[in-house]
Amino acid sequence: MAEEKKESQLLKEKLARTSDSAWERLPEGEHKHVFSFAEEYKHFLREAKTEREIVKWIQTKAEKQGYQPFENAAVKSGAKLFITNKGKNIALLVIGKNGVDSGLRIIASHIDALRLDLKSAPFYEDGGLVMMNTHYYGGIKKYHWVNTPLALHGVIFTKDGKRLDVSIGENENEPVFVIPDLLPHVGGRAFAEKKMNEVITGESLDAVAASLPLFEKDAVDKVKLRLYKYLNEKYGVIEEDFFSAELQLVPAIKPRDIGFDGSLMGAYAHDDRSCSYANMASMLDLVGPADHTCMAIFMDKEEIGSTGATGADSLFLENVVEQICSKTNSQKTTHQVLADAKIISADVTSALDPKYREFFDSANVNYVGYGVSVERGTGYGGKYEGSEATAEFMSFIRTLFNKEKIPWQTGEISKVDEGGGGTVAKYFAKYGCDIIDIGPPVLAMHSPCEILSKVDLYCAFKGYKAFFETK
Ligand code: MN
Ligand code: MN
């Protein structure tokens with residue numbers, strides 16, 4: 001005869017949230033999909049490492065599935081369309097049965113990531129070396145970026161206006177670039193007692209570029225001139241061309257599995273390429289049009305506050321919606337459509353690091369492997385600069401994810417007074433739409449090798465897809 005359950009057990013089952021991980025909650029038959037989805041994601045990470053490369057990658061993938069450029073296509077029910085902006089934003093659309101008049105669902109993720117941009121005049125010669133000046137982009141811990149191999153990506157426009165796409169350091173036979181840190185034998189106590197932000201400063205993030213001189217006695221800047229000769233012979237560029245360029249140093253490491261059991265992935269820029277990949281995949285997976293229109297939109301400049309012509313604070317989203325309204329003869333204005341929209345701000349959040357428990361509220365923290373995180377709000381301190389979802393919209397998401405059996409969790413990025421962060425949510429919230437942050441938790445976020453659980457990524461994908469598809 002079965003033993004009778006204790007009251008504590010009965011109450012836990014009836015009233016408390018589950019404490020099982022996403023691996024346990026997901027049917028075992030789905031585990032193979034978790035791993036195959038992760039392999040496709042790693043492939044994407046290897047091939048596209050800048051916002052420009054990602055826009056191209058997504059466009060190519062979408063075109064293969066029949067997506068058409070918005071300008072020339074008929075904007076009618078079921079149409080699969082894409083719009084780009086300055087090569088740094090792309091929006092994928094599946095037009096609903098009633099255009100945007102029956103609603104608009106948007107998933108917004110960002111495709112920019114932490115990196116070191118080359119300055120307009122990158123090169124200087126000192127101590128027999130040519131060094132490259134950089135200007136870091138986004139919230140990095142500068143000491144993460146020294147003594148690690150970096151690849152150079154970007155575009156250069158030559159003096160004739162010819163465009164050159166650059167990618168150096170991804171293949172084994174190509175060189176990489178390294179920012180050397182001071183050896184431990186030098187600097188003494190004064191250096192050892194510096195604070196974290198003083199050890200490596202922004203100006204000291206200079207990478208080694210060359211050391212071979214011109215063989216000419218008494219000439220000045222011999223290494224620099226030899227480098228210019230090389231760059232001109234190989235790429236046809238001159239010094240001034242670096243002014244009309246966008247060049248980024250990014251970690252040259254390849255995405256790899258982390259740990260013994262193959263459950264985790266280490267890579268550059270899980271923030272926010274994990275959500276961007278899941279966003280794109282959920283969009284391309286849609287079968288037939290819903291009543292509402294679905295949009296996967298990919299933003300730039302999130303890491304520096306969503307500013308500029310390609311950030312979430314720009315009018316790109318409005319411009320897209322305005323064009324849909326006009327081409328579908330919508331009865332609503334652009335702002336009405338956006339006010340009625342339901343939006344997921346698809347961005348990663350922090351995961352508990354067991355070495356630093358003291359910085360997290362253990363009842364309100366996200367755990368690696370416990371599913372996609374649904375966060376009610378962002379901001380720092382007393383919720384400053386944040387965005388907060390309504391209880392109504394949280395109820396909508398929670399009900400949907402539970403119905404679809406999608407393992408999810410919730411948390412805050414840190415203890416109340418000990419951190420915080422923002423996403424694109426607050427820039428879209430201004431329309432009066434429903435918007436909430438949903439994405440997987442990441443360990444070592446904003447470092448050159450961030451760590452993500454394969455099951456959390458898969459749960460994000462499942463969640464995004466359910467959001468697009470549900471009534
Ligand atoms: Mn992010
Ligand atoms: Mn970030």
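Just follow the structure's listing: the first ligand is 1, and inside any ligand the first atom is 1. All values reported here derive from a predicted model rather than from experimental measurement. All values below were derived from every heavy atom in this structure, side-chain atoms included, with hydrogens, water molecules and symmetry-related copies excluded.
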Handout entry: Degrees at the Mn ion (ligand 1) between the OD1 atom of Asp347 and the NE2 atom of His110, nearest 10°
Key =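 Once rounded, the angle between the two atoms at the Mn ion (ligand 1) is 100°.
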Handout entry: Heavy atoms of other groups near Arg25 CZ, more than 12 under 6.0 Å
Key = yes
Practice task
May I ask you to check whether over 12 heavy atoms, not counting those of Glu358, lie within 6.0 Å of atom CD?
Solution key: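 Correct, the count exceeds 12.
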Practice task
Step through it carefully: locate the ring centre of Phe35, locate the ring centre of Trp23, and say whether they are under 6.0 Å apart.
Solution key: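 Yes, the ring of Phe35 comes within the 6.0 Å limit of the ring of Trp23, centre to centre.
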Handout entry: Phe461/Tyr41 aromatic ring centres below 6.0 Å
Key = no
Exercise for the section: Please work out whether the ring planes of Tyr277 and Phe44 are parallel, tilted or perpendicular, with thresholds of 30° and 60°. Expected result: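 Tyr277 and Phe44: tilted rings.
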Examine all N, O or S atoms of [X], backbone included, and report whether one is under 2.8 Å from the Mn ion (ligand 2).
{"X": "Glu302", "answer": "no"}
{"X": "Glu303", "answer": "yes"}
{"X": "His446", "answer": "yes"}

Handout entry: the Mn ion (ligand 2) - closest N/O/S atom in Asp271
Key = OD2
Exercise for the section: Look at the N, O or S atoms of Cys275, main chain and side chain alike, and state whether any lies under 2.8 Å from the Mn ion (ligand 1). Expected result: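 Checking Cys275: none of its N, O or S atoms is under 2.8 Å.
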